[in-house]
Every structure is written in C-alpha cells, then in structure tokens.
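Because only heavy atoms are used, hydrogens play no part in the values below, and waters and symmetry mates are left out as well, while side chains stay in.
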Amino acid sequence: MSSKGNFPRVRERLLKVPMSEVGISVVTEAELRFGVVRLPEATKLKIVVEEFLLRVEVLPWNSEAAQHYARIRAMLEEKGSRWETWT
C-alpha cells in the first residue's frame, strides 16, 4: 500500500530505465504542476517536480495518443486488469 505521492512500483520502474527513455504526456505534466500549485508551502515537492520535468520528454496529448490510450485501456480491462494499477 502506498500513501499519496508515494508509489513504490512507479519509483522501482523508473529506476530501471534511463531517464533519456522516460516520457510523460503533457496531461501528466499539468497534473504534476497542479499538485505543486495546490501546495505552495511544499518547496521540496516543487524542486522534485521541476527536476523531474527537466529530465523527461513531455509528449503531446493529441488524437493519436487518445486512440492508443483507449486501445490499451480496453485491452487491460478485457484481461481483468485496471488501468490504475499500471499508472
């Protein structure tokens, strides 16, 4: 079980992949930045988020990305897996 903002599985996966191969969607960037804005007193969080964003590629969220998301999510649900367990 993880507390909010502490996702051991995600951290584990990220540590196994070179940062040059890590990409996030612009939607994820927006959510990270939203979290920082909501907690202005969390200066450490702001630094961590900014440093992370400097090291990853931020990919656009366009119609093609939405189509891929829909197919992957449908496939996971067909297999009885929830999308949330992969994020």
Side-chain angles (χ1 to χ4, degrees):
M1 180 134 201
S2 65
S3 62
K4 187 173 182 174
N6 182 13
F7 299 94
R9 248 187 337 183
V10 173
R11 187 173 294 121
E12 237 177 70
R13 287 171 141 175
L14 281 174
L15 290 173
K16 293 178 183 177
V17 179
M19 287 304 283
S20 62
E21 294 181 22
V22 176
I24 62 171
S25 77
V26 71
V27 175
T28 302
E29 177 189 7
E31 288 294 323
L32 289 170
R33 292 187 183 282
F34 173 64
V36 169
V37 170
R38 285 184 57 211
L39 300 168
E41 70 285 349
T43 54
K44 184 177 177 183
L45 175 64
K46 181 178 180 175
I47 291 168
V48 169
V49 168
E50 290 300 328
E51 287 183 2
F52 175 75
L53 292 172
L54 286 173
R55 289 169 174 77
V56 298
E57 181 178 4
V58 178
L59 304 165
W61 184 264
N62 55 24
S63 182
E64 183 180 353
Q67 291 172 27
H68 284 290
Y69 164 83
R71 284 193 296 273
I72 292 168
R73 185 161 183 185
M75 178 193 67
L76 289 172
E77 287 187 5
E78 282 176 15
K79 293 182 177 190
S81 183
R82 293 180 28 191
W83 176 261
E84 293 80 11
T85 62
W86 293 92
T87 58

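- Looking at residues two or more places apart in sequence or on another chain, you find a side-chain contact (heavy atoms from CB on, under 4.5 Å) between P18 and S20, E21.
- In this structure, A65 and P60 approach most closely via the heavy-atom pair CB-O, 4.2 Å.
- Between the CD atom of E64 and the NE2 atom of H68 there is a distance of 4.5 Å, given to the nearest 0.5 Å.
- The NZ atom of K44 sits 14.0 Å away from atom CG of L39, with the distance rounded to the nearest 0.5 Å.
- Summarising the geometry, atom CG belonging to L76 is positioned 9.5 Å from atom CD belonging to E78; distances are rounded to the nearest 0.5 Å.
- Among residues two or more places apart in sequence or in another chain, the side-chain hydrogen bond (donor to acceptor under 3.5 Å, both in side chains) test is passed with R55 by none.
- The hydrophobic clustering, which links ILVMFWY residues whose side-chain heavy atoms are closer than 4.5 Å, places V48 and V37 apart.
- Contacts of V49 classified as side-chain contact (heavy atoms from CB on, under 4.5 Å), with partners at least two apart in sequence or in another chain: L32, V36, L45, L53.
- Summarising the geometry of F52 relative to L14, their closest heavy-atom pair is CE1-CD1, 4.2 Å, with the distance given to 0.1 Å.
- Checked against side-chain contact (heavy atoms from CB on, under 4.5 Å), L59 has the following partners two or more places apart in sequence or in another chain: E57.
- Side-chain contact between V27 and Y69 is absent, with no heavy atoms from C-beta onward closer than 4.5 Å.
- Remark: S63 engages Q67 in a side-chain hydrogen bond (donor to acceptor under 3.5 Å, both in side chains) (not counting sequence neighbours).
- Sorted by first and then second residue, the pairs that involve residues 25-37 and meet side chain to side chain donor-acceptor pair (under 3.5 Å), not counting sequence neighbours, are S25-T28, E29-R33, R33-E50.
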